[in-house]
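Have a look at the structure below before the remarks.
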Amino acid sequence: MNILLIGSGGREHALAWKIAASPLVTRLIATPGNPGMAKICETRRIKVTDVEALVALAMELSADLVVVGPESALEKGLADRLALLNIPCFGPTEAAAQLETSKAFTKDFTRRQSIPTAAYGVFEDAAKAKAFLAGFTAPYVIKADGLAAGKGVVIAADLSEAEAAIDDMLGGRFGQAGARVVIEEFMTGEEASLFALSDGQTAMLFGAAQDHKRALDGDQGPNTGGMGAYSPAPVLTPALLAQAEQQMILPTVAGMAAEAMPYRGVLYAGLMLTPAGPRLVEYNARFGDPECQVLMLRLKSDLVPYLLATANGTLDHLPQPQWHDAVAICVVLAAPGYPEAPKTGSVIRGLDQDFGPDVVIFHAGTEQAANGDILASGGRVINVCARGRDLAEARALAYGAVAKIDWPQGFHRTDIGWRGL
Ligand code: AMP
Ligand code: GLY
């Protein structure tokens, strides 16, 4: 098989690592990829939002499967274009990707399908939005409807902060993505990330993890894309997994099919484990980053048949995936100033040493200089991942490897996995 993988982050490096290990693969090409991925597959320079060029590349390669990492390519309709050419695509159509790209769409969908989630209202008018706040107590949850690079959610401590967030979003801070705001009830509980494959008809749970969204130790500092993850997430007991599958995943897959938007790809449910049971915080139309990295370390089955069956609508032919009886962890090394203003360009050394059989390094925001140096080129830069018999062992292995990487400018959290310990 020829597989084209779209994306350049740690998530895509982990997918490439797992896909490249499959005996089914003849050629794996990633675009735009990163220097870490370039060591295990071919890479091209096409950007993830250049749909025309991506489609042309898929044809040139006679791709048997296109695997889409990030949501931005889905929002631009890459899956729709590939469908017209009968090229199997792991990733939903533009309409189905609304589960991530429009929070208003998703909230209305959860209401139609009776999926447990926070009470909410959707507004285009600031005065009406502010009046709606009166029905809630602090803290207030204000969200821009569309994709806002992880900055579209404000948890406001009081009314004046909430009103300022409404004015800010409806005032054009996020452009079209903020033309509508969603105001939600605040939910309390522990958060977890649940993944399921869906081929449009059949859903299959595909692992769970816990992310660490805040930049600093002790869950302090600003929200980020995720500073580390581990899997499995013991907080998601088998009973809670079954409940989330019954109350969220199955009605979502059935509902999207019934509404003529069959969902093909990975459905990532952000869950809040409230005292009243699991409730949906949000859906994403892709794997989580860095959750994907820990799932790939734990996945024992060949990934490729699952990706292909998801794209082709034949998931019901496959057995449940097999997982290593191990705990996987990922520690993100980030550039100074991340998430507000990451400072790029510093040199990272020591990435190519032998870290032992249970440590894997994935590149995220890196680039290679002409002299061969690996430079930081984004906010989240390196993912140090490890697999151990238990969380304590995996954690010790990962932090042991972190200590051997020579990057004085970078920073990381020192407490990844604390909830699980
Ligand atoms: P989202 O982008 O919707 O996942 O929101 C980012 C983060 O904001 C989530 O991971 C939660 O920590 C928090 N959050 C979002 N919605 C709510 C809510 N209704 N209640 C409490 N926290 C929330
Ligand atoms: N780690 C959170 C996300 O991928 O959205």
Side-chain angles (χ1 to χ4, degrees), residues 71 97-126 128-148 150-159 161-166 168-170 174 177-196 208 210-211 213-214 219 223 226 233 235-236 240-241 243-253 255-256 259 267-285 288 291:
E71 66 279 10
Q98 286 181 95
L99 284 178
E100 170 159 10
T101 61
S102 170
K103 293 183 190 293
F105 169 89
T106 303
K107 294 300 285 191
D108 291 345
F109 176 81
T110 57
R111 181 179 281 168
R112 291 194 294 278
Q113 304 298 335
S114 305
I115 291 168
T117 184
Y120 76 104
V122 179
F123 302 93
E124 291 174 15
D125 176 83
K128 287 183 185 150
K130 289 175 190 174
F132 188 72
L133 292 174
F136 297 115
T137 51
Y140 300 96
V141 181
I142 323 290
K143 301 183 176 182
D145 174 43
L147 295 179
K151 300 194 169 74
V153 176
V154 172
I155 312 286
D158 56 41
L159 260 184
E161 199 187 320
E163 294 184 348
I166 290 169
D168 194 32
M169 288 180 194
L170 291 178
F174 301 114
R180 291 192 289 181
V181 294
V182 178
I183 296 177
E184 288 184 15
E185 166 198 7
F186 181 79
M187 301 186 286
T188 49
E190 205 169 317
E191 289 184 67
S193 308
L194 174 64
F195 298 88
Q210 257 185 321
D211 187 11
K213 287 186 196 268
R214 303 295 201 93
D219 291 337
N223 258 326
V235 65
L236 272 180
L240 286 175
L241 280 172
Q243 198 179 347
E245 182 178 30
Q246 288 301 322
Q247 296 181 350
M248 294 172 197
I249 303 296
L250 296 180
T252 297
V253 172
M256 292 298 281
E259 295 187 16
L267 190 58
Y268 160 0
L271 305 183
M272 186 75 77
L273 305 175
T274 74
R279 296 170 84 190
L280 184 72
V281 179
E282 60 163 1
Y283 272 133
N284 293 305
E291 292 97 320

Item to check | Side chain proximity check, Glu184 to Lys107, heavy atoms < 4.5 angstrom | outcome: yes

Checklist outcome for this item: Taking every heavy atom of Ala104 against every heavy atom of Val182, the minimum-distance pair comes out as N-CG2, 3.8 Å

Next on the checklist: Using salt bridge (Lys or Arg N to Asp or Glu O under 4.0 Å), reason through Arg112 and Glu259 one step at a time and then give a plain yes or no.
Outcome noted: CA-CA 11 Å; Arg112 291 194 294 278; Glu259 295 187 16; 2.8 Å; yes

Item to check | Side chain to side chain, Glu71 and Asn284, heavy atoms closer than 4.5 Å | outcome: no

Next on the checklist: Return the CD to CE distance between Gln98 and Met256, rounded to the nearest 0.5 Å.
Outcome noted: 7.0 Å

Item to check | Smallest separation among heavy atoms of Ser102 and Arg180, with atom names | outcome: OG-NH2, 3.8 Å

Next on the checklist: Within the 4.5 Å heavy-atom criterion, are Val153 and Asn223 side-chain neighbours or not?
Outcome noted: no

Checklist entry - If you take all heavy atoms of Leu170 and Phe123, which pair is closest and at what distance? => result CD2-O, 4.0 Å

Next on the checklist: How long is the straight-line distance from CD of Glu245 back to CG of Leu240, given to the nearest 0.5 Å?
Outcome noted: 13.0 Å

Checklist outcome for this item: Tightest non-hydrogen contact, residues Asp211 and Gly226, listed as OD1-CA, 3.3 Å

Item to check | Under 3.5 Å: donor-acceptor pair, side chain of Thr252, backbone of Met248 | outcome: yes

Checklist entry - What's the spacing between Thr101 OG1 and Tyr283 OH if we round to 0.5 Å? => result 14.5 Å

Checklist entry - Applying the side-chain contact (heavy atoms from CB on, under 4.5 Å) test to Ile183, which of Phe132, Tyr120, Tyr140 qualifies? => result Phe132

Checklist entry - Quick one: does Ile115's side chain get under 4.5 Å of Phe109's, heavy atoms only? => result yes

Checklist outcome for this item: In this structure, CG of Leu133 is separated from CG of Leu159 (nearest 0.5 Å) by 6.0 Å

Checklist entry - With side chains defined as the heavy atoms from C-beta onward, is the minimum distance between Lys103 and Thr106 less than 4.5 Å? => result no

Checklist outcome for this item: dist Thr117:OG1 -> Leu271:CG (nearest 0.5 Å) comes out at 10.0 Å

Next on the checklist: Apply side-chain contact (heavy atoms from CB on, under 4.5 Å) to residues Leu273 and Leu236 and explain how you reach the verdict.
Outcome noted: CA-CA 8 Å; Leu273 305 175; Leu236 272 180; 3.9 Å; yes

Next on the checklist: So Pro139 and Glu161, do their side chains get closer than 4.5 Å, heavy atoms only?
Outcome noted: no

Checklist entry - If you look at every heavy atom in Phe174 and Met169, which pair is closest and at what distance? => result CE1-CG, 3.9 Å

Checklist entry - Taking all atoms of both residues into account, what is the closest heavy-atom pair of Gln113 and Pro251, and its distance? => result OE1-O, 4.0 Å

Checklist entry - Side-chain contact, heavy-atom cut-off 4.5 Å: Gln247 with Leu280? => result no

Checklist entry - Is any side-chain heavy atom of Ile142 closer than 4.5 Å to a side-chain heavy atom of Asp168? => result no

